[in-house]
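None of these values were measured; they are calculated from a predicted model. Atom set for the values below is all heavy atoms of this structure, side chains included, hydrogens, waters and symmetry mates excluded.
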Amino acid sequence: MEKNERSTPIPGKEKEVDIINIKGIEDIGYVQPDSILLNSLAPEENTQCQHGLYFQDGERRVDYILTYHIKKPSSSRSNRQSSRFTDNAFTRSLRRGTARLGRPPPPQPRGVPEVASQDHSMDYHEDDKRYRREEFEGNLRDMGLELEKDEDTKTPGVGFVKIHAPWHVLCREAEFMKLKMPTKKVYEVKQCSGVGAKINTLVNKATEPLHPNVEENRAQNVKHLSYAFSREKQHLFDLSDRDSFFDSKTRASIVFEVLKRTKCTKAKYSMGITSLLGSGVYTAAYPLHDGDVDGENVEPNDRKLLYEEWASYSVFYKYQPIGLVRKYFGEKIGLYFAWLGLYTQMLIPASVVGVIVFLYGCATVDNNIPSMEICHPRNNITMCPLCDRACNYWKLKEACGTARASHLFDNPATVFFSIFMALWAAMFMEHWKRRQMRLNYEWDLTGFEEEEEELKDHPRAEYELCVMQKSLKKEHKTQKPTEIAEEPTNKWKQTVQSAMAGLKLTEKEKLTCRDRLPAYMTNIVMMLLMIGVTFAIVFGVILYRISITAALHMSNNPTTRSNVRLMVKTTAAIINLVVILILDEVYGAVARWLTVLEVPKTDKSFEERLIFKTFILKFVNAFTPIIYIAFFRGRLVGRPGSYLYVFESYRMEECAHGGCLMELCIQLSITMLGKQLIQNNLFEIGIPKLKKLIRYIKSKRRSFQEEEREKKLQRYETDHFLEPFAGLTPEYMEMIIQFGFVTLFVASFPLAPLFALLNNIIEIRLDAKKFVAELRRPVAARAKDIGIWYNLLRGVAKVAVIINAFVISFTSDFIPRLVYQYMYSPDGSMHGFVNHTMSYFNVSDFQDGKEPMDPHHLGYQVEMCRYKDYREPPWSNTPYVVSKEFWAVLAARLAFVIVFQNVVMLMSDIVDWLIPDIPKDISLQIHKEKILMVELFMKEEQGKMQFIDSMTPCDGKERNNHAPIARSRSIPHTHSHTHANNF
């Protein structure tokens, strides 16, 4: 039996009773006769309706969907009692509806005791949810929205409320939201002239194959003048086609704005749509996609166009259709993909320069004197053991491979690349600001201010609940004991009065810092605890490396002993990667829980606090192992005979003779590539595929029935099975962390921009496919910038300059080589540098029990061994004390950090100053728009004044009589004129 219904009136005397109110009783198992209650089209009678994009009449478009859980009785009981339940449902609904209208209810039917027993056996929570839905939907109709329910769907246990916003509601809300809409006035966009025009023409011809085949992405020579919509000035806008004047994205955002403002006030606490979703009254709320993306006889729509020209891997080389993305998803998502596209484009020159630097290292490795000295066959330098007891003396030439590999990343070109990347970051930030201003102009956001958005930024449901609880507690304390006791007959009145009193108190009450103090303290303690957990895990990996190194050196396999460093480095980096991936998920959940504890007032405040906490935790999690290797490993070791121990048995690990830069490169590359391949791509691709595979396995026996069922699903049913949109925070976060990998330690890994570029080419299409085909359509949100993410990017870029200065100065051998070449080299070359950086140690000075177990491993008795450090030899007056060379190198390192940091910061500021934030042509067009808007209102004002003068009679008496009318009519025109001048 058909259960789709509209809010059309019932024929007959009681036509004021709405179907929606009667439908509420069906949630507990009653069936209504369609012949009496419904007068609508069947789905098969209308093709558009069949797709689920329209109401049953096939004319009113579905702008928003609310879903809820329905509980139906067993079929046997339903068949046995259908007739009696139907009659009772109808009469009880009429009685409840006429009671609200002040009419006497119809007489109750007799002889149906089963109904009373059924009412008493109903689940209380389901009944409470049903009444909340009835009230909320009634309030939505009072706001002017039109509703239609559908419970007879192919989705069992789910009911759908279809919402349509009629024209007058769209106009009212568009005026309230100050939506800028295109007017009839068009003007020509000024194009470049002269040499600039020729260059632009050549560039456009060269890049023509890279542009997607969409209208929104093509340059327009004319542009409509936009103005905030006003019902009093509808004549300014082209309203010839009202159905398309407000597109689906705008209609959905308008309905969502009404949903946010609508409340349920009859309950103990005032509940909005967020609270209703959180409490399970409704299970989901979402706008509909425009149509299908594939299949036979699919009508052309924006979603299908996006799927073909944006979400396909075959168009990876093309630009993104940002205009169409903004048209379909809104400005906020459009800005994210515009930023991601620009970031990916800017990675191209950085990747090219990084590859050149790497190739330079490969080309000069054979001419590098220090590595040649280490690898020379006549090199007979004996090195001290790398660990106690288990490790033996070894020859320096065994580190030949490590020394040659270190030169690939530790060469003079690395310093140039660090400076280049610092300037690249500044150029990227400035380029994005200009791109952002151009998009603001093209998307008519130049007059949009954050203050306007804050006026609409309603308090969150959780905040209102906490304020309500605080208000009621305060009211309860001030009540007299006699006021608390009430008659049982006045219980409903008492509930309503207490709720209304609470609503009045919430207007004055707010959560103070004192109220949030426990949450703040919990936040501080938990943040410090999580950071401590990260440090503890890094320390655990350090102990793993120390113990495994000693264990492998005791192996009888010579191949194992010769590759100890490589095996330990690689396995430790993989362990760090796995821990980082696990802790990322844990820290994301902890950050959200801590933010919920704070009870921020608005969604914007909630999002910013969540982003800040998540960024701190994930940044520390990702970069703590790398920072340890870069700045602490090999510096907290001691010397032979006086090593530093952890727990009195674990000797702190040393760097290889080529320095820690190679180990830093290994750790950075494994972490970066692992996060991108596993977390960003494999999870995003694999998890949806796995879910799809599980669904396929479950429905394998009935694959044909499932396929037929999919064909018959309505649009709102299909969208219901899609994943809900969880916000842009995860997308931005992974890109910010990647930006950190690209800029912070780029001196040790010049190939980082290349790997980031390759990842982002896939990431753009992966995210596009996810938004178009796998997620429910998000509500369009206006924004003129990327918000707090820009500040995080600037912060990371500033910190990158400092970190790269310290990496070059302290982690690499760049400064020691310069100091030796210009201060200690006898011929100004690098010959003798290796010997200069190593000190002597007398093996007789080993502590008891720390010497090697096999002192004759090399075939002879070792008396002196060497280690990398600047210390006095054992035969000097002050043996093993740091030498003057150490202080000279340290002074040079600190001087380099200061000079590098200030020079690069100054150059970045110069770049920032030279490049204007607003492109010159956009600034001229904005100014031109303001002049045209003033002229438009001046012409309108003059036309109205001429009309008033022509309608005024020549007789003086009549003119005097009509003068007040003329003056009263001129008041709004004066206001409009003032508005135009202010504009």
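- Contact check on Asp912 versus Lys433 returns a salt bridge, with a Lys/Arg side-chain nitrogen under 4.0 Å from an Asp/Glu carboxylate oxygen.
- Here CD1 of Ile580 is found 11.0 Å from CD1 of Ile678. Values are rounded to the nearest 0.5 Å.
- Under a cut-off of 6.0 angstrom, the local environment of CE in Met652 is crowded, with over 12 non-hydrogen atoms contributed by other residues, nucleotides or ligands.
- Side-chain atoms of Ile915 and Met427, non-hydrogen and from C-beta on, do get closer than 4.5 Å to each other.
- By the neighbour-count criterion of 12 heavy atoms within 6.0 Å, atom CZ of Phe619 is densely surrounded, having more than that number from other residues, nucleotides or ligands.
- At most 12 heavy atoms of other shown residues, nucleotides or ligands fall within 6.0 angstrom of atom CD in Glu863.
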Go through the steps to decide whether Ile537 and Leu583 satisfy the test side-chain contact (heavy atoms from CB on, under 4.5 Å), and finish with yes or no. CA-CA 10 Å; Ile537 292 175; Leu583 289 184; 3.5 Å; yes
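- In this structure, Arg866 fails the cation-pi test against Phe841, since its NZ or CZ atom is not both closer than 6.0 Å to the six-membered ring centre and inside 45 degrees of the ring normal.
- His836 NE2: more than 12 foreign heavy atoms inside a 6.0 Å radius.
- To the nearest 0.5 Å, the span separating CZ on Arg545 from CD1 on Ile575 amounts to 9.5 Å.
- The environment of Tyr860 atom OH is dense: over 12 non-hydrogen atoms of other residues, nucleotides or ligands sit within 6.0 angstrom.
- Aromatic ring centres of Trp339 and Tyr790 lie farther apart than the 6.0 Å criterion allows.
- Side-chain atoms of Gln667 and Tyr628 include no donor-acceptor pair closer than 3.5 Å.
- Gln676 is not listed as a side-chain neighbour of Leu758, based on a closest heavy-atom distance of 4.5 Å or more.
- Summarising the local packing, CE of Met526 is surrounded by more than 12 heavy atoms from other residues, nucleotides or ligands at distances under 6.0 Å.
- Counting all heavy atoms, side chain and backbone alike, Met672 lies closest to Phe741 at SD-CB, 3.9 Å.
- Taking a 6.0 Å sphere around CH2 of Trp875, one finds it holds more than 12 heavy atoms contributed by other residues, nucleotides or ligands.
- The environment of Phe632 atom CZ is sparse: at most 12 non-hydrogen atoms of other residues, nucleotides or ligands sit within 6.0 angstrom.
- For the residue pair Asp388 / Tyr643, no side-chain donor-acceptor distance below 3.5 Å is found, with atom types taken as modelled.
- Inspection of the Tyr820 and Thr837 side chains reveals no N or O donor paired with an N or O acceptor under 3.5 Å.
- For Lys850 and Tyr645, the positive end sits near the middle of the six-membered ring, less than 6.0 Å away and at most 45° from its axis.
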